[in-house]
There are 2 protein chains.
Amino acid sequence: MSGTRPYSGLIERLKNAGLRPTRQRLALSRLLFEGEGAPDRHVTAEQLHGEALGNGIRVSLATIYNTLNQFTRAGLLREVVVEPGRSYFDTNVDDHHHFFFEGSGRLMDIPGESVQLQQVPAAPAGAKVRRVDVIIRLEEEE
Amino acid sequence: MSGTRPYSGLIERLKNAGLRPTRQRLALSRLLFEGEGAPDRHVTAEQLHGEALGNGIRVSLATIYNTLNQFTRAGLLREVVVEPGRSYFDTNVDDHHHFFFEGSGRLMDIPGESVQLQQVPAAPAGAKVRRVDVIIRLEEEE
DNA sequence: ATACTTGCAAATCGTTTGCAATACC
DNA sequence: GGTATTGCAAACGATTTGCAAGTAT
């Protein structure tokens, strides 16, 4: 299942982000950015941990958390808050919004152009808009 | 500070929601729906607890949590998720969106009409839209 | 009287942290 | 070699839960 160029540009990518390309960071990058479902992945720490273990990658959950946070700070990931008490990380860092399936807890990108705010209200004085999140919460029918 | 009609329609409101109007539920309703800042309040459990204690209302934090959840289920409150690890409850149950001040963790309503989605993408097959949340994240300038 | 609520303390969940061992440059 | 990173286990903060005691109808 491993390709011929196992680490393509991932090492560079990590270095550019100011992160040492360690074994675990590389392996996780691979899952996140080149794995099944990339480039539009939405993972929780637990999920990624399970996936790593399933692929024979030995990483502690603490490292998963640390890595996800570092990647987020470095701009490689984006954190999405939809549920109290659980964080999702999105491999798509561009401007876009989300569908959230309430039943299964699954998150899905909405292509950037298909939601358009007609008018974003002016930010209150002394504040500036850092980001606009649109979450369309879905109920799954049987 | 207590008015002449201390419980106005709150008892009815609770009864209609299928909740017994107990001492603590009434007191909390009063803070939430008739207190300072009503009818547009955004509280965390901790905040409401502190406020209750400050007003001489003896309630346990567990009861605050249970009450907020019951009120939410009953449609008297709406839960807003903006930060990982902290839940806000909104006394405004109508359709509307929020400004979120990242520095202070303060939440503010945006009047319903001033944000308009130009086109809400169709829900994926087998799912229907339950709610659309728009959160405008603000950075406070100095 | 009966069923529902409350408070407390303990339990749980997701996440973070301290620190000794280990890997990277 | 020196610094950054990892893993483990303990610590944490927010929230939930079990159960005995109290309260509403």
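Hydrogens, waters and symmetry mates are skipped; everything else that's a heavy atom, side chains included, is used.
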Please check if the side chain of Thr63(B) supplies one atom and the backbone of Val59(B) the other of a donor-acceptor pair under 3.5 Å. no

Expected list for residues 62-77 of chain B near DNA chain D, using heavy atoms below 4.0 Å, is Ala62(B), Tyr65(B), Asn66(B), Asn69(B)

Is there a donor-acceptor pair closer than 3.5 Å between any side-chain N or O of Thr91(A) and the backbone N or O of Arg41(A)? yes

In the 5' to 3' direction, the nucleotides of DNA chain C bounding the stretch that comes under 4.0 Å of a heavy atom in chain A are dG14(C) to dC25(C)

Residues within residues 44-54 of chain B bordering DNA chain C, heavy-atom distance below 4.0 Å: none

Whole-Å distance separating the CZ atom of Arg23(B) from the C1' atom of dG22(D): 9 Å

Show which residues join Val81(A) in its hydrophobic cluster (side-chain heavy-atom contacts under 4.5 Å, direct or indirect), or state none. Val81(B)

Do Arg131(A) side-chain atoms and Ile136(B) backbone N/O form a donor-acceptor pair below 3.5 Å? no

If the condition is salt bridge (charged side-chain N to carboxylate O under 4.0 Å, His left out), which residues does Glu83(B) pass it with, not counting sequence neighbours? Arg86(B)

For residues 72-80 of chain B, run the donor-acceptor check on the side chains, cut-off 3.5 Å, and write out each pair with its distance to 0.1 Å, sequence neighbours left out.
residue: Thr72(B); atom: OG1; partner: Leu68(B); partner atom: O; Å: 2.7
residue: Glu79(B); atom: OE2; partner: Ser87(B); partner atom: OG; Å: 2.7

Between Asp90(B) and His96(B): side-chain donor-acceptor atoms closer than 3.5 Å: yes

Which pairs with one or both residues in residues 67-95 of chain A pass ring pair (Phe, Tyr, Trp, His ring centres under 6.0 Å), sequence neighbours excluded? none

Would a distance-only check, ignoring hydrogens and angles, find a side-chain to backbone donor-acceptor pair under 3.5 Å from Arg106(A) to Phe100(A)? no

Taking salt bridge (charged side-chain N to carboxylate O under 4.0 Å, His left out) as the definition, give me every residue that meets it alongside Arg130(A), ordered by chain and number, with sequence neighbours left out. Glu102(B)

Of Leu61(B) and Arg20(B), whose closest DNA chain D nucleotide lies nearer the 5' terminus? Leu61(B)

Side chain of Asn92(A), backbone of Asp94(A): donor and acceptor closer than 3.5 Å? yes

Strictly by ring pair (Phe, Tyr, Trp, His ring centres under 6.0 Å), give each pair with a member in residues 9-66 of chain A just once, sequence neighbours left out. His42(A)-His98(A)

Tell me, which of residues 80-92 of chain B have any heavy atom that sits under 4.0 Å from an atom in DNA chain D? Gly85(B), Arg86(B), Ser87(B)

Would you tell me whether Thr67(A) and Gln24(A) have side-chain atoms, one donor and one acceptor, within less than 3.5 Å of each other? no

Rounding to 10 degrees, work out the angle separating the end axes of the helix from dA1(C)-dT25(D) to dC25(C)-dG1(D) (five pairs an end). 30°

As an exercise, state the distance from CG of Leu26(B) to CG of Leu31(B), rounded to the nearest 0.5 Å. 11.0 Å

List the residues meeting side-chain hydrogen bond (donor to acceptor under 3.5 Å, both in side chains) with Arg137(A), not counting sequence neighbours, and say none if there are none. Asp133(B)

